[in-house]
Amino acid sequence: MTETMKTITITCENTGRDYHVAPGTTVGELQQIIHPENRYPVMGALVNNQLQDLQYVIMAPSRINYVDMTSLDGYSVNTRSLIFVLYKAVTQLYPRRLLRVEYFLSNGIYCRISNPDTKLTAEIIDRLREEMRQIIAADYPITRENIPTEKVVQLFRKKGLKDKTDLLETRGKLYSSLYYIDKLPDYFYGTLCPSTGCLQTFGLIPYKGGMLLQLPDRHNPSELRPFIRQDKLFQVFNEHKEWAKILEVSDIGSLNKLTESKRDNPVIKISEALHEKKISQIADQIKSRRKKVKVILIAGPSSSGKTTFSKRLAVQLAVNGIRPVNLSLDNYFVNREDTPLDEKGEYDYETIDALDIATFTDNIRHLLAGEEVEIPKFSFEAGKRYYDGEKLRIAPNNVIIVEGIHGLNPKLTQLLPPDALFKIFVSALTSIAIDSHNLINPTDNRLIRRMVRDHKYRNNSATDTLKRWESVLLGEQKHIVPYQEEADAIFNSALIYELGALKTQAEPLLQEVAQQNPEYSKALRLLKFFSYIRAIPTNEIPPTSIIREFLGGSSFRY
């Protein structure tokens with residue numbers, strides 16, 4: 001046998017070079033051979049566009065790209081690994097207490113101890129923070145082992161982690177991967193970094209009766225992301241946690257158990273009733289201020305269900321004797337040649353400066369004064385504003401509903417009377433988790449919605465949607481998130497059952513993403529996510545449901 005037959009060729013995208021190594025070499029061993037230049041610790045590697053930890057064994061020719069936490073993949077690895085270190089600290093100091101990782105909040109992750117008799121004092125949090133630092137300083141290897149799922153379930157059952165046992169029992173896999181830090185096992189959705197020493201930047205502070213695990217800045221990993229108070233968002237998450245108790249569903253495992261027992265139908269009915277109740281309450285808030293409120297501003301990120309929410313709110317307002325008229329912010333784009341440019345020199349349609357705020361303000365003021373206004377239109381094909389004679393006047397029982405991503409930005413409404421405005425933030429703030437240590441990122445919830453909708457109504461592939469998603473998120477961080485606490489009301493459009501309902505339409509789209517595309521790793525991650533979730537039949541979902549905006553079958557016109 002020749003020398004070349006004993007080796008396989010590895011192409012490293014970091015260095016742009018080929019390497020010949022023996023089959024059975026791990027990704028970590030290869031890293032030691034080629035030393036790819038990374039300013040920050042390597043979190044894992046994309047092997048043929050599939051994210052793997054450094055223990056992954058290479059058996060065939062491959063393309064490898066080592067990732068640090070400045071990439072989305074590496075940042076997710078860092079976040080999961082920090083959660084494991086926090087769990088290790090809780091187990092070391094308080095072995096009879098259970099960590100519950102709750103929500104992405106305030107540029108961090110809100111966590112608590114689920115035992116009702118434990119109050120998380122500042123002193124306890126200080127001790128946990130110091131314990132985390134010691135675990136990181138010890139640079140424990142984070143190792144992975146494939147174990148029969150039956151044994152994993154027994155292990156978690158002894159620890160009292162019912163959420164994990166339900167998840168793994170309903171997933172139906174023969175084997176499951178456990179990760180270890182210093183003999184402490186845990187199960188994670190996704191890969192972890194090679195050792196605790198990679199996790200130098202974190203914070204742990206008291207917040208809202210729990211603690212906030214502060215995360216590093218992805219673009220400047222030696223710095224923490226700034227703490228931002230999101231008290232209104234916290235209140236909405238807490239409200240939905242109480243709703244989850246009503247439904248007896250707090251994680252994917254318990255939802256799967258309901259689906260298996262054919263009891264998912266009440267979950268749909270109760271979830272929809274809770275949505276309707278919340279929309280009714282917001283309409284009642286507006287009614288209580290009806291003598292002053294004349295403009296309702298609705299904002300939210302992509303695929304949050306703003307359009308269906310607006311239509312359902314209009315119905316509830318009508319019940320209260322208030323008749324809404326719609327005014328789109330899209331009408332107020334400046335002409336294309338006047339559109340600001342982004343850092344790449346391309347037209348930036350996402351910035352608020354792409355809107356003619358002066359004309360919008362002038363129109364609203366004249367409408368509030370009872371005058372008739374000719375409404376501008378905007379041709380996206382020509383990039384020009386035009387008028388077609390459509391006029392608008394509001395009666396005493398009218399309110400104007402304005403929907404658009406900049407609805408909460410004070411710059412839009414700074415010259416309008418504050419008492420005349422009612423601001424609503426809409427987003428899909430996923431209220432259940434995979435299990436107690438594995439969150440569902442709300443951005444994934446919205447990504448899945450958008451992927452299904454874009455395929456159904458815009459003939460876009462999953463690859464197209466995945467390719468644009470990071471840019472969408474960057475725009476939201478700049479133009480929407482900073483203003484969400486400005487809202488008078490926040491509506492959580494997520495439905496506890498929706499991921500099971502979206503599954504049958506989303507999975508085939510993800511399976512079409514080709515391996516040579518960089519988006520393949522994201523598609524595989526979402527396919528693994530769906531592997532935890534039992535499909536839920538959609539025939540019982542009402543035609544007015546927000547999820548119908550994405551699945552199809554809505555009775556509203558869009």
Side-chain angles (χ1 to χ4, degrees), residues 69-76 79 103-109 214-221 223-233 236 297-307 328-330 332-334 336 338-358 360-361 378 380 402-414 421 423-430 441-447 449-450 454 464-487 490-493 522:
M69 60 176 298
T70 61
S71 70
L72 280 176
D73 285 316
Y75 193 78
S76 296
T79 301
Y103 331 116
F104 287 99
L105 189 74
S106 297
N107 275 343
I109 299 173
Q214 294 179 287
L215 303 174
D217 186 324
R218 185 186 139 203
H219 302 289
N220 187 11
E223 301 291 332
L224 286 175
R225 296 181 70 189
F227 169 74
I228 300 173
R229 292 199 71 88
Q230 293 183 322
D231 296 349
K232 291 180 181 177
L233 212 58
V236 171
L297 297 136
I298 300 173
S302 172
S303 304
S304 56
K306 298 185 293 295
T307 304
S328 173
L329 280 179
D330 286 355
Y332 293 92
F333 275 113
V334 299
R336 188 155 297 154
D338 300 321
T339 303
L341 303 179
D342 61 18
E343 57 273 10
K344 297 178 181 177
E346 299 174 355
Y347 290 124
D348 186 356
Y349 299 109
E350 302 299 318
T351 174
I352 192 169
D353 296 317
L355 298 178
D356 183 349
I357 297 174
F360 172 78
T361 302
F378 187 81
F380 286 93
V402 179
E403 180 193 326
I405 68 170
H406 298 295
L408 303 186
N409 191 323
K411 190 174 181 179
L412 180 72
T413 54
Q414 60 186 339
L421 310 176
K423 299 179 179 181
I424 304 172
F425 176 72
V426 179
S427 190
L429 304 167
T430 318
N441 194 322
T443 62
D444 280 347
N445 197 151
R446 292 189 291 107
L447 169 59
R449 284 181 172 187
R450 178 165 170 153
D454 283 4
D464 294 331
T465 304
L466 291 168
K467 190 178 296 182
R468 297 189 187 105
W469 190 241
E470 184 171 358
S471 174
V472 170
L473 294 181
L474 287 172
E476 292 171 0
Q477 287 297 317
K478 287 169 64 176
H479 304 302
I480 300 175
V481 173
Y483 308 110
Q484 58 194 22
E485 288 288 308
E486 301 279 337
I490 296 178
F491 178 74
N492 186 352
S493 69
K522 299 180 182 68

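The side-chain heavy atoms of Gln484 and Ile490, taken from C-beta on, include no pair separated by under 4.5 Å. Residues Ile109 and Leu215 meet the side-chain proximity criterion, which asks for heavy atoms closer than 4.5 Å. Taking the side chain as every heavy atom from C-beta outward, Arg218 and Leu72 approach each other to under 4.5 Å. Looking at Leu355 and Phe360, their side chains never come closer than 4.5 Å, going by heavy atoms from C-beta outward.
Here the side chain of Ser106 pairs a donor or acceptor atom with the backbone of Ile228 at under 3.5 angstrom. Side chain of Glu476 to main chain of Ser302: a donor-acceptor pair is present (N/O by atom type, distance under 3.5 Å, no hydrogens or angles). Of the possible polar contacts, none joining the Ser427 side chain to the Leu429 backbone as a donor-acceptor pair under 3.5 Å is found. Although no hydrogens or angles enter the test, the distance criterion places a donor-acceptor pair under 3.5 Å between the side chain of Glu485 and the main chain of Lys232. In terms of modelled atom types and a separation under 3.5 Å, the side chain of Tyr75 and the main chain of Pro216 share a donor-acceptor contact. Judged by distance alone, with hydrogens and angles left aside, the side-chain atoms of His479 form no donor-acceptor pair with the main-chain N or O of Leu474 at under 3.5 Å.
Of the charged side-chain nitrogens involved, none lies within less than 4.0 Å of a carboxylate oxygen, so that Lys344 and Asp342 do not count as a salt-bridged pair.
Under the 30°/60° scheme for interplanar angles, the aromatic rings of Phe378 and Phe380 are found to stand perpendicular.
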Start with the C-alpha distance between Asp464 and Asp454, add both sets of side-chain angles, then the distance that settles side chain to side chain contact (heavy atoms under 4.5 Å, CB included), and finish with yes or no. CA-CA 9 Å; Asp464 294 331; Asp454 283 4; over 6 Å; no
Hey, mind stepping through Leu447 and Lys522 against side chain to side chain contact (heavy atoms under 4.5 Å, CB included) and telling me if it holds? CA-CA 11 Å; Leu447 169 59; Lys522 299 180 182 68; over 6 Å; no
Output, in order, the C-alpha distance, side-chain angles, deciding distance and verdict of side chain to side chain contact (heavy atoms under 4.5 Å, CB included) for Phe491 and Lys306. CA-CA 10 Å; Phe491 178 74; Lys306 298 185 293 295; over 6 Å; no
Verdict with supporting geometry, Thr443 and Asn441, side-chain hydrogen bond (donor to acceptor under 3.5 Å, both in side chains): CA-CA 5 Å; Thr443 62; Asn441 194 322; 3.0 Å; yes
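To the nearest 0.5 Å, atom CG of residue Leu473 and atom CD1 of residue Ile480 are 10.0 Å apart. Taking CG of Leu408 as the reference point, atom CD1 of Ile424 lies at 9.5 Å (rounded to 0.5 Å). The distance from atom CG of Asp444 to atom OG of Ser76, rounded to the nearest 0.5 Å, is 8.0 Å. Atoms CE and CG, from Met69 and Asp217 in turn, are 8.0 Å apart once rounded to the nearest 0.5 Å. Residue Arg229 holds its CZ atom at 10.0 Å from CG of Leu105, rounded to the nearest 0.5 Å. For the atom pair Ile352 CD1 and Tyr483 OH, the distance stands at 7.0 Å (nearest 0.5 Å).
Residues Ala428 and Ser304 share a closest heavy-atom pair of N-CB, 4.2 Å. Taking every heavy atom of both residues into account, Val426 and Ser493 meet most closely at CG1-CB, 4.2 Å. Scanning all heavy atoms of the two residues, the minimum distance from Leu329 to Gly404 falls at CD1-CA, 3.9 Å. Here the shortest heavy-atom pairing between Leu297 and Thr413 reads CD1-CG2, 3.9 Å. Considering all non-hydrogen atoms of both residues, Pro442 and Phe104 come closest at CD-CD1, 4.0 Å.
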